[in-house]
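Reminder, nothing fancy here: chain letters follow the sequence lines and each chain counts from 1.
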Amino acid sequence: MTAALGLALDAALCALILGVALAVVAGRGVFRAVVFFIVYGLLAAVAWVRLDAVNVALAEAAIGAGLTGVLLLAAHGRLRRAEAAQDLAHGMPWSAALAGGALAAALGWAWFEMPIPVEPGPELAEALPRAGVGNPVTAVLLNFRAWDTLLESIVLLAALIGVWMLAREGDWREPLGRPQHARPGGVMAGFGRVLPPVGLLVGVWLVWAGADHPGGAFQGGTVLAAVGLVAVLAGVIRPPWIGAPLWQGALVLGPAVFLLAGIAGAVLAGGFLTLPEGFAKPAIVTIEVALTVSIAVTLAFLVLGPPEAEGAG
Amino acid sequence: MAALSIYALTGAALVGLGFFGLLAARHLLRRVVAFNLIGSGLFLYFGAAATRGAAPDPVPQALIITGIVVALAASALAVALVVAQVRAAGRATLPEEEDAP
Amino acid sequence: MTAWLSFVAIGVLASLAGALWRVWRGPAPADRMMAAQLVGTGGVAVLILLAAVQDWAALDVAVALALLAALAAVGFVKAGTPDGAGDPEEEAPPADMQLSAMTPDAAAQVGRTRRDPDRRRGDG
Amino acid sequence: MADLATLLFTALGLVFFAAGTVGLIRFPDTFSRLHALTKADNLGLGFIALGVAFQAESWAQVARIALIWVLALLAAGAVAQLVARAALMRRGGA
């Protein structure tokens, strides 16, 4: 009974997800597509919980349902006037439908052909007790595959530099994004004051708990970025300009600490990014805190976009 | 296992839908959204594959988390490029795809 | 109890399908956005139920979702102001549009006649 | 006893969610639909949260469930107000 209901729950959730995805690609109107994509992010977070991936669900909830929505809605607001009368191809693009269908069919076929691996990776189960943290996903991110995470934090910076390069000459010294304002004492301003402290607490908790429970630098960082964004949108915090030294320091803090830890590992433990066994936990926590700060600031700046002065359009 | 197949097939269908959307959309913002759909579908497929054993495999999950964050960064860059394109050309479609009136 | 809670979760998901219909239909952008907001509330409810069904750690996801539920809507409201960065409370709505100054019939009339701004531009 | 309370409150919550959806579909204009959303659904969420709280294994979990509901109420209140004003403004030809 319980198993059958669980299966029905999965089927209902997947049906909703597919319906929403269909609406994203096939519905007329850019705004409709954007709102459906926000809904998609909400449902995907639930799907990750069903797949026993609470760590992923946390990241998806903060990014898919929060940050992506703000990014796309702000862009849509900017583009409203320039919106072409036609946002989809004329008629039914049969060749595109065929290509998409073939791709989906190939992936579906591959699923049933894929060999089931020996689980859950005997090397991993053996190495986990020495990783220094109890959350296996954090252990993978910051210990076993630290290379990936280090380079990823640098990719984020590269994307941010790319966004900044699109700023116009005259706007270079302006605050990031568009100048946000709200009625003092109004609902939005009040909301922007009440929510961030709670969000700060939740974000810090996710980082702290991330060593042994679901959570970590990425999940905490995205939550912090999102509540920071609420404060900026509500006009409570004024974003800095590109060259503000404190904020630039926050951007590179994570990658810098990570890199230093890696070099220390090369000197002390015999390999770049190898964490010495006794120091694994303090090292991971230090890297994680620094990384959280950088991820939060980088993501918030990415969503704010390049600096743009008043009256520009 | 049956439940995992549901999610994997949903992921596969999402990739197909996203690919269709990428080709069918003219508006550049819709293309960014469709591209995100492809990525998300792949994550779901990958995540379902990671859960097939006795315990969920943390390595794919860690990769998916970094993937979600990088996808947001790439989308932010793409959106900024779309805004710049509209500012330069006055429209949100690519010039070679403009239809005759 | 697990079976019952799963059943309730399916029921909430079914009610979300109705909200999706409203996102599809609109007609006003505010309708679509508020329906998306409902999907967010429903998603939080499903996550709370799943926490009891499979893993209490899902509560953390529900906290994150509830915390950020309003973010998209705030972004929407901002994007709708003239400069795309303001607050609807800053500008007073035009006098003839203030609902308090209208009879209920007139207010409903406004609701019926001023339809989808998206559609008027040809993309609704 | 706790199971009975869970049964009762979650069922009530489901009813409110269903009612909210019916309102969302059936009500004639944007502003009345706003009512359906912010009131019925947050009551539904509240009842479901209360019902599940009877199953919680620790006070930390109960506290988290309470936090979720408070956050949802805060968000719904602010959003309803702002979206209603935004809808009024767009309508006024802004």
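Across every non-hydrogen atom of A:V46 and C:G43, the tightest pair is CG2-O, 4.2 Å. The two residues A:L73 and C:A79 make their nearest non-hydrogen contact at O-CB, 3.5 Å. Between C:A3 and A:L5 the shortest heavy-atom distance is O-CD1, 3.2 Å. Minimum heavy-atom separation, C:L68 to A:A62: CD1-CA, 3.5 Å. Here the closest heavy-atom approach between residue A:V49 and residue C:A58 is recorded as CG1-CB, 3.8 Å. Nearest heavy atoms, A:L42 versus C:A36: CD1-O, 3.8 Å.
Top candidate by heavy-atom pairs under 4.5 Å with chain A, chosen from C:V74, C:T2, C:L13, C:V63, is C:L13. Of all the listed residues (C:V46, C:L67, C:V53), the one sharing the greatest number of non-hydrogen pairs under 4.5 Å with chain A is C:L67. If you tally non-hydrogen atom pairs under 4.5 Å between each of A:V223, A:V202, A:L16 and chain C, the highest count goes to A:L16. Of the residues considered (A:G177, A:G66, A:A45), A:G66 shows the highest number of contacts with chain C, using heavy-atom pairs under 4.5 Å.
In this structure the side chain of A:D52 reaches within 4.5 angstrom of the side chain of C:Q54, judged on heavy atoms. Side chains of A:V54 and C:D60 form no contact here, defined as non-hydrogen atoms less than 4.5 Å apart.
A:L67 contributes atom CG, which lies 6.5 Å from atom CG of C:L71 (distance to the nearest 0.5 angstrom). Between atom CZ of residue A:R50 and atom CG of residue C:L47 there is a gap of 11.0 Å, rounded to the nearest 0.5 Å. Note: A:H213 NE2 to C:W56 CH2 = 15.5 Å, rounded to the nearest 0.5 Å. Atom CG of residue C:L16 and atom CG of residue A:L43 lie 7.0 Å apart, to the nearest 0.5 angstrom. Here A:D10 contributes atom CG and C:S6 contributes atom OG; the two are 9.5 Å apart, rounded to the nearest 0.5 Å.
A donor-acceptor contact shorter than 3.5 Å is absent between the side chain of C:R32 and the backbone of A:V35. The backbone N or O of A:A74 sits nowhere less than 3.5 Å from a side-chain atom of C:K78 that would complete a donor-acceptor pair.
The contact between C:V23 and chain A is made by backbone and side chain atoms together, counting heavy-atom distances below 4.5 Å. Both the backbone and the side chain of C:V39 come within less than 4.5 Å of a heavy atom in chain A. Only the side chain of A:W205 comes within contact range of chain C, judged by heavy atoms closer than 4.5 Å. For chain C, the nearby parts of A:V230 are the backbone and the side chain; heavy atoms of each come within less than 4.5 Å. In this structure, chain A has a heavy atom under 4.5 Å from the side chain of C:L50, while its backbone stays farther away. The part of A:I38 that comes within reach of chain C is its side chain, from C-beta onward, which places non-hydrogen atoms under 4.5 angstrom from that chain. Interface residue C:L20: backbone and side-chain heavy atoms are both found under 4.5 Å from chain A. At a 4.5 Å heavy-atom cutoff, the contact between C:D55 and chain A is made by side-chain atoms alone. Interface remark: A:L72 contributes no atoms to any contact with chain C (heavy atom separation under 4.5 Å). With a threshold of 4.5 angstrom between heavy atoms, A:V187 approaches chain C through its backbone and through its side chain.
More than 12 heavy-atom neighbours from other residues, nucleotides or ligands sit within 6.0 angstrom of CH2 on C:W4.
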